[in-house]
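Worksheet for the structure shown next.
Not measured: the values here are computed from a predicted model. Note that the numbering runs from 1 along the sequence shown for the chain.
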Amino acid sequence: MSRIPGLQRIVVAALVLPALAAAPALAASSSTTEAKDQGSVTFYEDVLPILQGSCQTCHRPNGANLGGMVAPMAFTSYDETRPWAKSIAQKVAAREMPPWHASPAQAGVFENERTLTDAEIATIVSWTKAGAPAGDAGKAPLPRQWPNVEGWQIGEPDLVLSIPEKYLVGDEIEDHYITFETEITTDVLPEPRWARAIEFRPGSSVVHHIIALPLGGVAPGNDPTIHREGYGTLIKPGQVIRWQMHYHKEAGPGTAVWDLSQVALRFYPEGYQPTHVVQNAPLGNMWFEIPAGDPNYSSQVSYTLERDSRIVSLLPHAHVRGKGATYVAHYPDGTRETLLEVPEYDFNWQTTYRFREEKLVPAGTRIELVMSWDNSADNPNNPNPNEIVTFGQPTTSEMMFGFMDFTDAEPGYLPKERMGFGARSQTADMDPREALRSFLGIDLESLNPADRQRLIKSFMNNRRPGQGEEPGASSGRE
């Protein structure tokens, strides 16, 4: 039996129970903008256009791989879809699928929004109640054509990298961290190139998350990084990709799994110079302690932008006790604005929320992340409500990160120090004083003895520092 039964239930619900998997919502066809009478709704005329627009990106043969979340069934034909009709109706009526966790108050703010309209939901429910009739196949839309790119959402990659060799996650392993290195040699990349898109593909079902510095990373439910025109990430020959792999599975005989995780890149044309260099500011806090049984513990951390900036995307990250996350911009004039609210955080769908239009903010804007957790027995995903929970790498511990991609507001501005994902990354075997100073910006000598020992202990226990804030970060119950 899994030591994390709640996590197991989440995965089963997401991958085994009939459901619509994540897919960028497209404009609904005219036949689905208004719900029809129950008796007249058919698959070919009314339901198939909805599936094509909002579901088949994942629910098709060789569909999208969203951070290891792969749809277990296809919805491209009537015969494939009909057995799942009742479950589809249940999931869309509950708004559990397509998976989208931003507050409804922010509808239309993010370009990768995955939602169905009330009329589309009513159409699917009516179709199911009517017995899921096929209808006239002659009224079906033309099949949606998908590029033959072996499931890569970014299109045909220019370069695919992987961990150095297949790795066996053994029978005895439950939570396991290991780091691999892959050099980008001149054979595969003769000169520096600007990346337009980056997509990770976990190589097995036991990959919890990947952080591959300096390219970024992936967790369950993540979309690939696809920069808009003029935005880019510089990739250089000679760079070493550090794959920080976190594997999680049930331990026991016969549970071993081979992994060969990959990352694909698409480049701008040779000689291209973007107008905006994408940077990353990982907001994080290692100082929280969630009391045993607390249903609504919260903590906050902030990051101040030194120059006029354009915020591109936001990604909150926690583990199975995660409850909610909110990003708030505190402007220099004293006003504030909620940039993103995720009222019901879902560990299995860790979405990157990409602004439809970049959020232009002035220098001195403080971006605050507030995250909450449910450590009570009422949380079905909680592995142990009777323990105090602190920062840690295992899934049974917790994390608090709020990644933020941004660029300088000035076109052509090149940061003095590269601020891409993991720009200050350090090796796990570094002296903790140097690693924490470089990665976290914390001078241990400036801390009181208790805080100093606490941070060193946390670092040594986890063997990988995270971006955080100095002692004094606000934590407590809401």
### Query
Which residue pairs pass the salt bridge (Lys or Arg N to Asp or Glu O under 4.0 Å) test when at least one of the two sits in residues 376-385, sequence neighbours left out?
none

### Query
Residues in side-chain contact (heavy atoms from CB on, under 4.5 Å) with Ser162, at least two apart?
Leu260, Gln262

### Message
Checking His317 now: which residues fulfil ring pair (Phe, Tyr, Trp, His ring centres under 6.0 Å) with it, not counting sequence neighbours?
### Response
His319

### Test side-chain contact (heavy atoms from CB on, under 4.5 Å) applied to Arg356 - qualifying residues, sequence neighbours left out
Glu111

### Query
Taking only residues two or more places apart in sequence or in another chain, which ones pass side chain to side chain donor-acceptor pair (under 3.5 Å) with His176?
Tyr167

### Message
Going by the rule side-chain contact (heavy atoms from CB on, under 4.5 Å), which residues pair with Val109 if we only count those two or more places apart in sequence or in a different chain?
### Response
Gln106, Phe355

### Task
Could you tell me which residues satisfy ring pair (Phe, Tyr, Trp, His ring centres under 6.0 Å) with Phe267, sequence neighbours excluded, listed by chain and number?
none

#### Entry: Test salt bridge (Lys or Arg N to Asp or Glu O under 4.0 Å) applied to Arg336 - qualifying residues, sequence neighbours left out
none

### Query
Partners of Glu358 by salt bridge (Lys or Arg N to Asp or Glu O under 4.0 Å), sequence neighbours excluded?
Arg228

### Query
Aromatic rings Phe406 and Tyr303: how do their planes relate, parallel, tilted or perpendicular, breaks at 30° and 60°?
tilted

## Note on the structure
Across all chains, not counting sequence neighbours, the salt bridge (Lys or Arg N to Asp or Glu O under 4.0 Å) partners of Asp158 are none

### Task
Using a 4.5 Å cut-off on heavy atoms from C-beta on, say whether the side chain of Pro415 contacts that of Gln279.
yes

### Message
Holding to salt bridge (Lys or Arg N to Asp or Glu O under 4.0 Å), I want the full list of residues that pass it with Lys359, two or more places apart in sequence or in another chain.
### Response
Glu337

### Message
Asp333: which residues meet the side-chain contact (heavy atoms from CB on, under 4.5 Å) condition with it, sequence neighbours left out?
### Response
Tyr331, Thr335

### Message
Please tell me whether Tyr297 and Asn375 have a donor and an acceptor in their side chains that are separated by less than 3.5 angstrom.
### Response
no

### Task
For the residue pair His208 and His248, confirm or rule out a side-chain donor-acceptor distance under 3.5 Å.
no

